[in-house]
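Inspection log for the structure reproduced underneath, given as structure tokens.
This structure is a prediction, so every number in the text was calculated from the model and none was measured. When a residue number appears, it is its place in the shown sequence, counting from 1.
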Amino acid sequence: MTVINILDEVRNWLDSEVCENFTFKKDPGKEKAIDTSYKHELVKPKAFTLYAPFDEKFPSVTVQFGNGIQSKFEESGELKLRFLFATWNPGLHYKDNGKPAFNLNTEGWRDVWNFIDYALRKVTNTNSIGPHIRIKHEDRINFGPMAENETIPNYYPYWCAWIEFTIQYGVNSTNEDII
């Protein structure tokens, strides 16, 4: 199994098993939307591989990878995966007597952590992603907020966090699955 095959399979799993169960506010892409001018639109997050296009980044989850190791003799490999979760929420948008209303607040972080909590449960309760990828639960699942110099930066109204874990996969000694 190639790294590309693994990333595609994991991204597809995220789309169907995690993203499909959520809707979040769509980032309108303009700062002036942090008021009643924002036309409240909820969308399903998208799953991406390696990088998310900026105009579709919020809401999303992006599959990235770290170090890997592979053994021809053991016919297996391991790869560290990282899921980056991103949401946008500047506050409470609602209707007041049929007119758009807005309360600015900093509670939007709850969106990304609901996303993380759900994904953590899915990963914890899943032994394999597809037929070829085993989650190495014995290596633990790590998670946390995005941080710079060990502090959580203020990117309001953008909220980001991550999950990281190791997977194991079979190694094919032929070139059949190389794209």
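When hydrophobic side chains of Ile, Leu, Val, Met, Phe, Trp and Tyr are connected at separations under 4.5 Å, Leu42 ends up as a singleton with no cluster partners. Leu92 shares a hydrophobic cluster with Tyr94; the chain of contacts runs through ILVMFWY side chains whose heavy atoms sit under 4.5 Å apart. In this structure, Leu84 belongs to a hydrophobic cluster whose other members, linked by side-chain heavy atoms under 4.5 Å apart, are Met146, Trp162.
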Test side-chain contact (heavy atoms from CB on, under 4.5 Å) applied to Lys39 and Glu41, step by step: CA-CA 6 Å; Lys39 293 184 179 22; Glu41 183 180 355; 6.0 Å; no
Thr49/Thr62 under side-chain contact (heavy atoms from CB on, under 4.5 Å): CA gap, chis, key distance, verdict: CA-CA 5 Å; Thr49 306; Thr62 303; over 6 Å; no
Candidate pair His137 and Asn127, rule side-chain contact (heavy atoms from CB on, under 4.5 Å), full reasoning: CA-CA 8 Å; His137 290 288; Asn127 291 322; 3.8 Å; yes
Test ring-ring contact (aromatic ring centres under 6.0 Å, His included) applied to Tyr38 and Phe102, step by step: CA-CA 9 Å; Tyr38 174 66; Phe102 174 71; 8.5 Å; no
side-chain contact (heavy atoms from CB on, under 4.5 Å) assessment of Val123 paired with Leu120: CA-CA 5 Å; Val123 171; Leu120 273 171; 5.8 Å; no
ring-ring contact (aromatic ring centres under 6.0 Å, His included) between Phe83 and Phe165, intermediate numbers included: CA-CA 9 Å; Phe83 297 165; Phe165 58 96; 5.2 Å; yes
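Put simply, the side chain of Phe24 does not reach to within 4.5 Å of the side chain of Val43, judged on heavy atoms. With contacts defined as side-chain heavy-atom distances shorter than 4.5 Å, the pair Ile116/Ile163 qualifies. Side-chain contact between Phe48 and Leu7: absent, with no pair of heavy atoms (C-beta onward) separated by less than 4.5 Å. Within the 4.5 Å cutoff, no side-chain heavy atoms of Pro157 are placed close to those of Phe58. Using a 4.5 Å cut-off on side-chain heavy atoms (C-beta onward), Lys95 and His40 make no contact. Between Ser71 and Val171 there is no side-chain heavy-atom pair separated by less than 4.5 Å.
Results of the side chain to side chain donor-acceptor pair (under 3.5 Å) test with Gln168 over His132, Arg134, Glu74 single out Arg134 as the only residue that passes.
Side-chain N/O atoms of Lys80 and Asn67 include no donor and acceptor closer than 3.5 Å. Between the side chains of Glu78 and Tyr169, not a single donor N or O lies within less than 3.5 Å of an accepting N or O. Tyr158 and Asp27 share a side-chain donor-acceptor pair at under 3.5 Å. Side-chain atoms of Asn149 and Thr151 include no donor-acceptor pair closer than 3.5 Å. A donor and an acceptor atom, one from each side chain of Gln64 and Arg82, are nowhere located under 3.5 Å apart.
Put simply, CG on Asn89 and NZ on Lys25 are 4.0 Å apart, with the number rounded to the nearest 0.5 Å. For the atom pair CH2 of Trp13 and CD1 of Ile129, the computed distance is 5.0 Å after rounding to the nearest 0.5 Å. The structure places CZ of Phe65 at 10.5 Å from CD1 of Ile167, a figure rounded to the nearest 0.5 Å. In this structure, CD1 in Ile152 is found 11.5 Å from SG in Cys160, a value given to the nearest 0.5 Å. The structure places OG1 of Thr87 at 11.0 Å from CZ of Phe85, a figure rounded to the nearest 0.5 Å. Of the inter-residue distances, the one linking Leu79 atom CG with Met1 atom CE reads 11.0 Å to the nearest 0.5 angstrom.
Judged as a salt bridge (charged side-chain N to carboxylate O under 4.0 Å, His left out), not a single pair has a partner in residues 144-155 (not counting sequence neighbours). Counting only residues at least two apart or on different chains, the salt bridge (charged side-chain N to carboxylate O under 4.0 Å, His left out) pairs with a member in residues 51-67 are Lys46-Glu56. Within the structure, the side chain to side chain donor-acceptor pair (under 3.5 Å) test picks out the following pairs touching residues 115-125 (sequence neighbours left out): Glu17-Lys122, Asn21-Tyr118.
Remark: side-chain polar atoms of Ser128 are not paired, donor with acceptor, to backbone N or O of Pro131 under 3.5 angstrom.
Residues Val63 and Leu81 approach most closely at CG1-CD2, 4.4 Å, considering heavy atoms. Nearest heavy atom pair, residue Trp113 against residue Ala161, reads CZ2-CB, 3.8 Å. For the residue pair Pro90 and Ile34, the shortest heavy atom distance occurs at CB-CG2, 3.7 Å. Looking at every heavy atom in both residues, Cys19 comes nearest to Val61 through SG-CG1, 3.6 Å. Smallest separation of non-hydrogen atoms from Pro45 and Asp15: O-OD1, 4.4 Å.
Heavy-atom neighbours of Lys26 NZ from other residues, nucleotides or ligands within 6.0 Å: at or below the threshold of 12. Ile69 CD1: 12 or fewer foreign heavy atoms inside a 6.0 Å radius.
Ionic pairing of Asp8 and Arg11 is present here: one or more N-O contacts between side-chain nitrogen and carboxylate oxygen are shorter than 4.0 angstrom.
The aromatic rings of His93 and Trp88 lie parallel to each other, with less than 30° between the two planes, well short of the 60° mark.
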